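Below is one structure; the comments refer to it alone.
By convention in this document, chain letters (A, B, ...) are assigned in the order of the sequence lines, proteins followed by strands, and residues within each chain are numbered from 1. All values reported here derive from a predicted model rather than from experimental measurement.
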There are 2 protein chains.
Amino acid sequence: MAQHKILIIDDDAELRETVSILLEREQFQPLQAADGSTGFDKALSLKPNLLLVDLRLPGMSGIEVCKQLRANRVTTPIIVLSAIEDEVDKVLLLEIGADDYVVKPFGTRELLARIRAVLRRSSDPEALVSRFGDVEVNTERRIITRNNKEVKVTPAEYNLLLFFMQNSDRVLTRDLILNSVWGYEFYPNTRTVDAHVVRLRQKFEQDPVIPRHILTVHGVGYRFLP
Amino acid sequence: MAQHKILIIDDDAELRETVSILLEREQFQPLQAADGSTGFDKALSLKPNLLLVDLRLPGMSGIEVCKQLRANRVTTPIIVLSAIEDEVDKVLLLEIGADDYVVKPFGTRELLARIRAVLRRSSDPEALVSRFGDVEVNTERRIITRNNKEVKVTPAEYNLLLFFMQNSDRVLTRDLILNSVWGYEFYPNTRTVDAHVVRLRQKFEQDPVIPRHILTVHGVGYRFLP
DNA sequence: GGTGCATTTACAACAAATTTACAAGTTCAC
DNA sequence: GTGAACTTGTAAATTTGTTGTAAATGCACC
């Protein structure tokens, strides 16, 4: 899955750092801004996929940042970070075009859940594109390109590749793959998986003989590395 | 890896049964509840690792179940099952602390993918990693690293090492090891164990001649020290 | 303590068995 | 018919059990 850029606009350096580390661990790309106007600039220039905005900011307030962005037709989803004593005004949030809010201090699980939810519902077409190596998968168009040239894949190949990408870095047994990709009613031979893997490698590996993405785990199954 | 318990709270008995069979097949342990209040009780008493909650439930609604659980500081991840006509209100989902949602009718693949994704997110990734000395075993990736460099192991070596780690500090006879790691039917020579121990030592002991982790108990068997 | 002897274990090399890669063939559905 | 998908034969790669031998250990006895 393509890495999402998330811009944190908050004057609390410690919070920015904590959240950044968290986001990085979850495969997001954190960006930071310490005050409203740099936040506004970076939101325009770096084109993040999501904004985390503190309402109380020195100088240009978070409210102002959001309003200005929306006035500039920036539709990037926004999650507002508000202090508990602020008594969040939901009408205000709507006005400034926020998508959600989290009350500080917040738990990491909560923040991540909200980030994921917002990203999912924001119909950012980038969210529907995943990459690995020189391969790009557009799930909306159901098209796979390699070096910007379309590569034709059969439905089975497409499903298998997507399953690999959705479960990257995990060892996947042939049985698990069959269950997940083919469904549990229908049971082709486990060697069928091998056959499809061969074809995927031929289409997407630089050197199919030395695969770098679809690895075999001898005696167990396969493992996909982006 | 401990089996994940998944509690299905839904009034549709057929759906519960179908999903249960599916989950069992995938090595999960399904639990069921037909209405909101039993669901709530079981969520507390059985301590499942994941909840599948239908929003429309007789009596106590799914929404209410989630809210009450969160109010009771239950952080078990929740996947909401919603009927297509419900027009999922995503803000509501966030409010009740849901981690994801699936629209009925759903495909088995989709449901499983989401279950796995949520479990992966909520589980402490460190929990899947064990260590001894400078060696790190990641059971999810099925990869062993030493000083952060991957060390390739064969299935037999991997199984044997894991058995040692799971039974550390105990004296293990060769017969016990054969039974546990190889199984009851198949009986290779007891010296086979020695051969594999030699290979493990060569890969993971600082000085294979003076092993500090896989110790031999002369005349009896082996003992593993982390 | 030291010595000699019987066991037990370590290790390397090898052959057998298993597993995977790949290609070609067959079946099935549209 | 055409293309996709499953099956299957076979070669190649990998793993694994076995075994011969050297080294280590335990032990009885001096």
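Side-chain atoms of A:Arg201 come within 3.5 Å of backbone atoms of A:Ile214 as a donor-acceptor pair (strictly under, hydrogens ignored). Formation of a donor-acceptor pair under 3.5 Å by the B:Asp12 side chain with backbone atoms of B:Glu14 is found in this model.
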- request: Summarise how protein sits on nucleotides 13-27 of chain C as a single string, 5' to 3': B when a protein heavy atom is under 4.0 Å from the base, S for sugar-phosphate-only contact, - for no contact.
  value: B-----SSBBS----
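In terms of phosphate contacts, B:His196 brings no side-chain nitrogen or oxygen within less than 4.0 Å of OP1 or OP2 of D:dT15. Between B:Trp182 and D:dT16, a side-chain N or O to OP1/OP2 separation shorter than 4.0 Å is absent.
Among the protein residues, B:Thr192 comes within range of the nucleic acid bases, having at least one heavy atom under 4.0 Å from a base atom.
Between B:Lys203 atom NZ and C:dA12 atom C1' there is a gap of 15 Å when expressed in whole angstrom units. Rounded to an integer number of Å, the gap from B:Asp175 CG to C:dT8 P is 13 Å. In this entry the distance linking CD of A:Glu157 with C1' of D:dG3 reads 12 Å, nearest Å. Between the CD1 atom of A:Ile210 and the P atom of D:dT14 there is a distance of 11 Å, given to the nearest Å. In this structure, B:Leu200 places its CG atom 14 Å from C1' of C:dC11, rounding to the nearest Å.
No donor-acceptor contact under 3.5 angstrom links the side chains of A:Thr192 and A:Asn189, judged on distance only. For the residue pair A:Ser20 / A:Gln32, a side-chain donor-acceptor distance below 3.5 Å is found, with atom types taken as modelled.
A salt bridge links A:Glu26 with A:Arg116: at least one charged nitrogen is closer than 4.0 Å to a carboxylate oxygen.
A side-chain contact (heavy atoms from CB on, under 4.5 Å) with B:Leu23 is found for one member of B:Thr18, B:Leu50, B:Ile115 and no other, namely B:Ile115.
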